[in-house]
Amino acid sequence: MTDFSKTISFIDSIILNDVQRSAVLYNEGPQLVFAGAGTGKTRVLTAKIAFLIKEIGLFPNNIFAATFTNKAASEMRSRVEEMIGISCTGLWIGTFHSLCARILRRDAHHLGFTATFTIYDQQDQLSLIKKVMKEMGLEERTMQPKQVLRIISNYKNACIPWEELEDTGKSYYERELIQVYKQYQQALGHAQAMDFDDLITNTVYLFRKNVQVLERYRKQFHYVLVDEYQDTNKSQFYLVQLLARNHHRIFVVGDDDQSIYSWRGAQIENILTFDTVFPGTKVFKLEQNYRSTQAILDFANAVISNISNRAAKRLWTSRRSTSEVVVTRYRDDRQEADGVAEKISEYITKGITPGSMAILFRTNAQSRAFEDVLRKRNIQYVIVGGISFYERKEVKDCLAYLRLLVNPDDTISCERILNVPARGIGTKTQEKLALMALEKGVSLFKLVVSREYDAVGARASKGLEEFATIFSLLLELSENKTPPQDILSEMLSVTGYVDLLDAEDTGESRARLENINELLNALTIWHEENEGRTLSDFLEEISLATDIDGWKHEKDAVNLMTLHCAKGLEFEVVFLVGLEDGLIPSRQNFEDDCMLEEECRLFYVGSTRAMNTLTCSYADTRMRFGSIMPMEPSRFIEQVPPQLFRFVDRSMLFSQTVRPYTERRKKRVVVTKKQERPARPVYDDFNQDTVQYRMGQVVAHSKYGQGKILAISGFGPDMRLTVLFNDGSRKRLMAKFANLQPV
DNA sequence: TTGTTTATTCTTTTT
DNA sequence: GAATAAACAA
């Protein structure tokens with residue numbers, strides 16, 4: 001055993017429990033740390049890195065640490081720096097994608113790529129696959145591009161190149177698919193582009209193909225650490241194995257109960273069979289939860305207990321419960337949103353910071369109802385994730401211009417902006433140009449800029465000339481090392497992009513201009529903070545940004561995000577909403593037991609985000625796909641013993657209110673499994689002092705006389721009634737002051 | 001070729 | 001209900 005007695009004082013300065021401490025100090029070989037939710041995983045990982053540098057004497061750049069988000073990476077980096085008081089700029093910490101991009105920028109020339117290759121996001125991938133399929137004459141009807149992309153992604157995640165698949169296709173369909181895969185990869189190559197999967201797989205291919213390169217990195221990385229190991233896929237596993245196979249200095253942390261990314265190729269087996277791949281693995285189990293109260297943990301444990309194949313563990317806590325878990329039934333999604341918002345404002349009044357509360361949902365589409373109702377109540381909120389800033393049309397247009405300056409082979413970007421803003425280069429001209437480019441063996445962009453294209457129509461010819469002129473100006477600026485924000489603003493004025501939006505002058509166009517301004521600001525700030533780095537670095541950074549990366553925990557804003565996005569976070573108060581069959585578990589996963597289990601784990605992940613208060617809810621009906629759908633409570637809720645939560649039924653509060661969809665509701669009542677529902681409605685203490693009203697009801701007012709209720713909005717103390725009185729006047733009244741008497 | 005309208009699919013989840 | 005594709009007029 002190595003003697004670390006002299007190190008005790010350093011490690012003691014970090015608060016660790018016994019298991020955490022021994023996991024940090026162990027230095028005899030491969031380590032697998034099972035870290036349940038809220039057990040201080042990040043702390044262990046950070047302490048481990050600090051220990052390796054400070055006590056084992058590794059240099060920061062000897063360490064390869066893969067985290068799940070860039071945000072986690074930069075936080076860990078600064079925590080390590082705090083612990084050891086040494087700058088850790090050399091530390092290789094980041095997502096697998098960022099780390100691989102870094103390797104590939106340096107070494108992808110061995111694979112025939114330039115150092116400035118472009119990273120294609122999902123939109124770009126889709127455009128490219130559609131183009132490839134069109135060239136092959138495949139109908140989108142027979143093969144859905146998205147589906148094709150998913151299959152290709154699966155191949156890549158398993159590190160199976162198309163070369164291995166050629167001539168193995170059993171059916172016509174399969175053979176065509178493999179051809180698409182081949183064409184797609186070759187198109188990526190021609191465009192000097194890689195998609196997200198390529199970043200990992202190409203790194204693996206590089207290491208497999210080129211032993212010298214692999215050896216160089218093996219020598220550099222004395223230690224490999226992986227966070228969220230349960231969410232790694234096969235290619236990531238190969239990568240880790242290639243780096244650590246010889247020295248076995250590997251440390252992985254994860255929790256099989258929180259594996260929620262199998263649809264992205266993640267293999268839960270990676271963590272469950274780790275000790276057979278790395279013999280002599282020492283397993284550590286972190287089971288003390290520091291986050292949640294007993295009630296929340298009991299609830300979560302009950303949720304996860306329905307899963308068959310899991311590593312044995314039992315979370316415990318010493319935190320006594322302050323409140324019970326509540327499950328609320330609502331009539332529809334709007335009432336749910338309103339109920340949650342109402343609770344939130346109650347908590348705010350009690351002095352709980354909005355920033356310590358979160359609303360978690362299964363799909364991004366669910367956020368809208370909450371946004372509306374929070375805005376109405378003047379409660380600040382942030383949506384974490386969702387439609388990324390960098391995915392907006394106008395932003396992507398700008399980025400496409402910049403990308404072309406860095407990578408003239410990037411055909412997808414070129415096609416995107418060749419006619420944006422419109423300059424008379426229509427689809428027909430573009431098709432002609434594509435053909436010419438193919439014949440001459442140059443990229444579309446090079447063809448146009450060098451003006452080597454043959455005759456085209458007069459209008460198109462003028463447009464192309466304009467495009468070429470614009471770019472010769474921009475390229476010149478770029479070569480003269482003009483700051484990127486200046487290049488961009490030059491492009492915006494010379495193309496007339498801004499003028500067009502200015503002229504439009506609608507709410508939408510103004511929002512777009514604002515986004516463009518924000519992009520200019522972001523570029524300026526980045527340029528100031530990253531002296532010496534190139535435009536290519538900026539473009540990479542934003543392509544690989546994770547949803548959570550841009551999120552700064554604001555004190556005054558309630559957080560809205562998907563369950564996936566919430567992984568690794570914690571909040572004092574959590575609202576888990578939309579707990580209905582079809583949503584969670586998602587309808588698409590009904591058929592597959594493995595996927596159903598994953599949905600269950602997702603529910604578990606959501607529940608364990610809560611520190612003090614957990615409120616779950618579901619609705620009887622919900623607006624989906626533009627129409628109202630009847631919903632059933634999630635089967636996962638029904639699997640939890642009823643004594644572990646308090647059931648509150650608010651669905652009967654008003655017989656009819658916002659939407660009069662009586663027919664659907666009648667139908668729905670028949671379908672209801674009455675016995676399986678927790679008994680009779682238990683009315684929340686919420687509404688005791690308000691009177692029940694319904695639409696169409698005839699009421700009397702002390703001053704205005706008799707009238708009929710036309711509409712009801714809000715509820716509880718905020719309920720407002722629109723009443724048509726017999727004298728023909730229409731009044732909007734606060735229910736609690738109006739004192740209306742039923743007639 | 002461009003800008004309108006209409007039809008259709010779509011929602012899981014993300015690097 | 002929104003975003004995209006197809007269909008159509010100018």
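Residue numbers start from 1 in every chain, and the chains themselves are labelled A, B, ... in the order their sequence lines are given, proteins ahead of strands. In this text, all values refer to a predicted model and were calculated from it rather than measured experimentally.
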Between B:dT1 (C1') and A:Arg423 (CZ): distance, integer Å
15 Å
Counting only side-chain heavy atoms from C-beta out, which of B:dT1, C:dA2, B:dT11 sits nearest to A:Arg368?
C:dA2
Before you tell me yes or no, could you show the steps for A:Tyr497 and A:Asp397 under side-chain hydrogen bond (donor to acceptor under 3.5 Å, both in side chains), namely the whole-Å CA-CA distance, both residues' side-chain angles and the distance that decides it to 0.1 Å?
CA-CA 10 Å; A:Tyr497 201 111; A:Asp397 287 344; 2.7 Å; yes
State whether the side chain of A:Gln230 and the backbone N or O of A:Asp255 hold a donor-acceptor pair below 3.5 Å, judged by distance alone.
yes
For the P atoms, the ones on B:dT13 and on C:dT4, what distance do you get once it is rounded to whole angstrom?
15 Å
Below 4.0 angstrom, N of the basic side chain to O of the carboxylate: do A:Glu598 and A:Arg601 qualify?
yes
To the nearest Å, how far apart are A:Gln123 CD and C:dA3 C1'?
12 Å
Do A:Asn407 and A:Thr116 have side-chain atoms, one donor and one acceptor, less than 3.5 Å apart?
no
DNA chain B: 5'-proximal contact among A:Lys146 and A:Ala422 (nearest heavy atom)
A:Ala422
Looking at every strand, decide which applies to A:Gly626 at a 4.0 Å heavy-atom threshold: base, sugar-phosphate, or nothing.
base
Of all the choices, B:dT9, B:dT15, C:dG1, which nucleotide is nearest to the side chain of A:Gln144 once you look at every atom?
B:dT9
Please tell me which of the listed nucleotides, B:dT11, C:dA5, B:dT1, lies nearest to the side chain of A:Phe625?
B:dT11
Taking atom types as they are modelled, is there a donor-acceptor pair under 3.5 Å from the base of B:dT1 to the side chain of A:Arg459?
no
For a quick check of understanding: with a heavy-atom distance under 4.0 Å over all strands, which category does A:Ile425 fall into, base, sugar-phosphate or nothing?
sugar-phosphate
Donor-acceptor pair, A:Asn364 side chain versus A:Thr562 backbone, under 3.5 Å?
no
Among the candidates B:dT2, B:dT15, C:dT4, find the nucleotide nearest to the side-chain atoms of A:Gln122.
B:dT15
So which nucleotide from C:dT4, B:dT11, B:dT13 ends up closest to the side chain of A:Ala365?
B:dT11
Distance check needed: C:dA2 P versus A:Met623 CE, whole Å only.
10 Å
Which of these nucleotides, B:dT9, B:dT15, B:dT13, is closest to any side-chain atom of A:Arg264?
B:dT15
Which part of the nucleic acid does A:Thr363 contact within heavy-atom distance under 4.0 Å: base, sugar-phosphate only, or nothing?
sugar-phosphate
Distance check: side-chain N/O of A:Asn233 vs OP1/OP2 of B:dT15, anything under 4.0 Å?
no
What is the separation between atom CZ on A:Phe603 and atom C1' on B:dT13, rounded to the nearest whole Å?
17 Å
A:Asp231 CG - B:dT13 P separation (whole Å)
17 Å
Rounded to whole angstroms, how far apart are CD on A:Glu391 and P on B:dT11?
14 Å
Round to the nearest Å and state the distance from A:Gln430 atom CD to B:dT1 atom P.
10 Å
Among the candidates B:dT14, B:dG3, B:dT1, find the nucleotide nearest to the side-chain atoms of A:His564.
B:dT14
Under the side-chain contact (heavy atoms from CB on, under 4.5 Å) criterion, do A:Leu225 and A:Phe64 qualify, and how do the steps go?
CA-CA 6 Å; A:Leu225 300 99; A:Phe64 180 99; over 6 Å; no
With the side chain of A:Thr562 defined as its heavy atoms from C-beta on, choose the nearest nucleotide among B:dT2, B:dT13, B:dT1.
B:dT13
Starting at atom NE2 of A:His97, determine the distance to atom P of B:dT14, rounded to an integer number of angstrom.
14 Å
Taking only side-chain nitrogens and oxygens of A:Lys130, does any of them come within less than 4.0 Å of OP1 or OP2 of C:dA5?
yes
What is the nucleic acid contact for A:Asp197, judged by heavy atoms within less than 4.0 Å: base, sugar-phosphate only, or nothing?
nothing
Quick check for you: among B:dT15, C:dG1, B:dT13, whose closest atom lies nearest to any side-chain atom of A:Thr95?
B:dT15
Assess the pair A:Tyr618 and A:Tyr330: is the distance between their ring centroids shorter than 6.0 Å?
no
What's the closest nucleotide to the side chain of A:Thr429 if the choices are B:dT11, B:dT1, B:dT13?
B:dT1
Classify A:Lys567 by what it touches in the nucleic acid, base, sugar-phosphate, or nothing, heavy-atom distance under 4.0 Å.
nothing
With a non-hydrogen cut-off below 4.0 angstrom, is A:Asp198 in contact with a base, only sugar-phosphate, or nothing?
nothing
A:Asn589 side-chain N/O to B:dT13 phosphate OP1/OP2 under 4.0 Å:
no
Scan A:Phe68 against the nucleic acid and name what it touches under 4.0 Å (heavy atoms): base, sugar-phosphate only, or nothing.
nothing
